[in-house]
Asker: 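Can you keep this structure in mind? I'll have questions shortly.
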There are 2 protein chains.
Amino acid sequence: MTNVASEKVFEETAESCGLIRDVLALIGEKWSVIVLDQLRDGPLRFNELRRAAAPVTQRMLSGSLRGLERDGLITRTVYPTVPPKVEYELTEAGRALNSLVYGVAGWADRYLPTVTASRTSYQETR
Amino acid sequence: MTNVASEKVFEETAESCGLIRDVLALIGEKWSVIVLDQLRDGPLRFNELRRAAAPVTQRMLSGSLRGLERDGLITRTVYPTVPPKVEYELTEAGRALNSLVYGVAGWADRYLPTVTASRTSYQETR
DNA sequence: CTGGATCCATGTTGATACTG
DNA sequence: CAGTATCAACATGGATCCAG
């Protein structure tokens with residue numbers, strides 16, 4: 001996102017402009033939102049997440065987790081036991097973002113009829 | 001998103017579960033959010049949007065607009081003049097979704113330092 | 001158990017050219 | 001002005017195998 005003329009949402013700082021797109025991209029990733037949601041009630045281990053967010057693959061879950069960790073939305077704690085145990089937990093930023101996603105869920109709930117109706121009529125029209 | 005075991009966010013209805021991912025996918029699309037933002041102050045024509053959301057390409061703008069129209073987030077009005085004139089305008093659903101995006105912008109503003117710091121240290125560590 | 005590395009099919013994006 | 005069509009480059013997701 002470069003050279004956007006009359007900024008409104010993004011007028012805050014030039015940096016947050018790029019950031020918001022990154023964040024949207026991250027939560028747009030196929031499993032990130034589900035992971036955030038699953039972590040809502042407390043830390044989970046890798047395979048717990050894997051089961052909870054099925055049918056996510058190892059690779060995708062790994063990737064999502066690393067992305068979320070990279071952005072400080074979750075923490076990754078390794079317990080050097082055998083077998084290894086790794087827990088993922090939401091940070092404050094993660095929880096805050098999570099509640100925003102709940103806002104979207106609320107929107108979806110509120111406008112579900114509108115959207116499906118629009119899709120149907122669009123389908124018919126085209 | 002299929003077979004998600006213990007739903008929390010999405011426990012509303014089975015349909016809104018799929019919908020929310022669609023919505024996230026839509027606003028995750030590279031230009032949709034920008035388009036929504038640009039339409040905030042009133043209807044715009046295709047090329048006005050094109051310029052405002054630069055450097056979007058015709059194809060991508062077209063695609064975004066059709067997706068947003070399909071979901072009833074914007075309306076498309078054709079004025080059968082010559083040269084042709086087409087205006088895009090937010091619907092109520094679109095405006096509602098827009099304000100949610102503003103929430104994300106606020107989040108980005110609030111947690112920008114956290115995220116950038118996290119990215120930096122992640123960079124260093126890896 | 002927790003992943004990393006690889007291969008492959010598919011989808012998405014951008015550049016370009018063309019049309020009513 | 002407002003798009004559509006085509007093609008090539010690239011990113012993404014899934015499956016599978018391997019390793020600490």
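Letters A, B, ... are given to chains in the order of the sequence lines, protein chains preceding strands, and every chain is numbered from 1. Just the heavy atoms: all of them, side chains too, but no hydrogens, waters or symmetry mates, feed the values below.
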Asker: If an axis is fit to five pairs at each end of the helix from C/dC1-D/dG20 to C/dG20-D/dC1, what is the angle between the two, to the nearest 10°?
Answerer: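 Computed from the C1' atoms at both ends, the axes differ by 50°.
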
Asker: About how many Å separate CD1 of A/Ile74 and CG of A/Leu36, when rounded to the nearest 0.5 Å?
Answerer: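 The CD1 atom of A/Ile74 is 7.5 Å from CG of A/Leu36, to the nearest 0.5 Å.
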
Asker: Could you pull out all residues at least two apart from B/Ser64 that satisfy side chain to side chain contact (heavy atoms under 4.5 Å, CB included)?
Answerer: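 Side chain to side chain contact (heavy atoms under 4.5 Å, CB included) list for B/Ser64, sorted by chain: B/Glu29, B/Trp31, B/Ser32.
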
Asker: Does a donor on one side chain sit under 3.5 Å from an acceptor on the other, for B/Tyr79 and B/Arg45?
Answerer: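 B/Tyr79 vs B/Arg45: no donor-acceptor pair found between side chains.
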
Asker: Check side chain to side chain contact (heavy atoms under 4.5 Å, CB included) between B/Arg50 and all other residues, then give those that pass, not counting sequence neighbours.
Answerer: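 If we apply the side chain to side chain contact (heavy atoms under 4.5 Å, CB included) test to B/Arg50, skipping adjacent residues, the hits are B/Phe46, B/Asn47, B/Gln58, B/Leu61.
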
Asker: If the condition is side chain to side chain contact (heavy atoms under 4.5 Å, CB included), which residues does B/Val82 pass it with, not counting sequence neighbours?
Answerer: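 Partners of B/Val82 under the side chain to side chain contact (heavy atoms under 4.5 Å, CB included) test: none.
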
Asker: Quick one, which residues of residues 61-79 of chain A touch DNA chain C with a heavy atom under 4.0 Å?
Answerer: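 Here the set is A/Ser62, A/Arg66, A/Arg76.
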
Asker: Listing request: all salt bridge (Lys or Arg N to Asp or Glu O under 4.0 Å) pairs with a residue in residues 81-96 of chain A, at least two apart in sequence or in separate chains.
Answerer: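 Applying salt bridge (Lys or Arg N to Asp or Glu O under 4.0 Å) to every pair that reaches into residues 81-96 of chain A, excluding sequence neighbours, yields A/Glu92-B/Arg110.
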
Asker: May I have the distance from A/Glu29 (atom CD) to D/dG14 (atom C1'), rounded to whole angstrom?
Answerer: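 Computing the A/Glu29:CD to D/dG14:C1' distance gives 15 Å.
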
Asker: Using nucleotides 9-11 of chain D, report all nitrogen or oxygen pairs with the protein that are shorter than 3.5 Å.
Answerer:
none

Asker: So, using side chain to side chain contact (heavy atoms under 4.5 Å, CB included) as the criterion, who are the partners of B/Ser118 when residues are at least two apart?
Answerer: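 B/Ser118 satisfies side chain to side chain contact (heavy atoms under 4.5 Å, CB included) with no other residue.
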
Asker: Determine, for nucleotides 14-20 of chain C in 5'-to-3' order, which nucleotides have protein heavy atoms under 4.0 Å from the base (write B), from only the sugar-phosphate (write S), or from neither (write -).
Answerer: BB-B--B

Asker: Among residues two or more places apart or on two chains, list those pairs meeting salt bridge (Lys or Arg N to Asp or Glu O under 4.0 Å) that have a residue in residues 54-68 of chain B.
Answerer: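 Matches after skipping sequence neighbours: none remain.
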
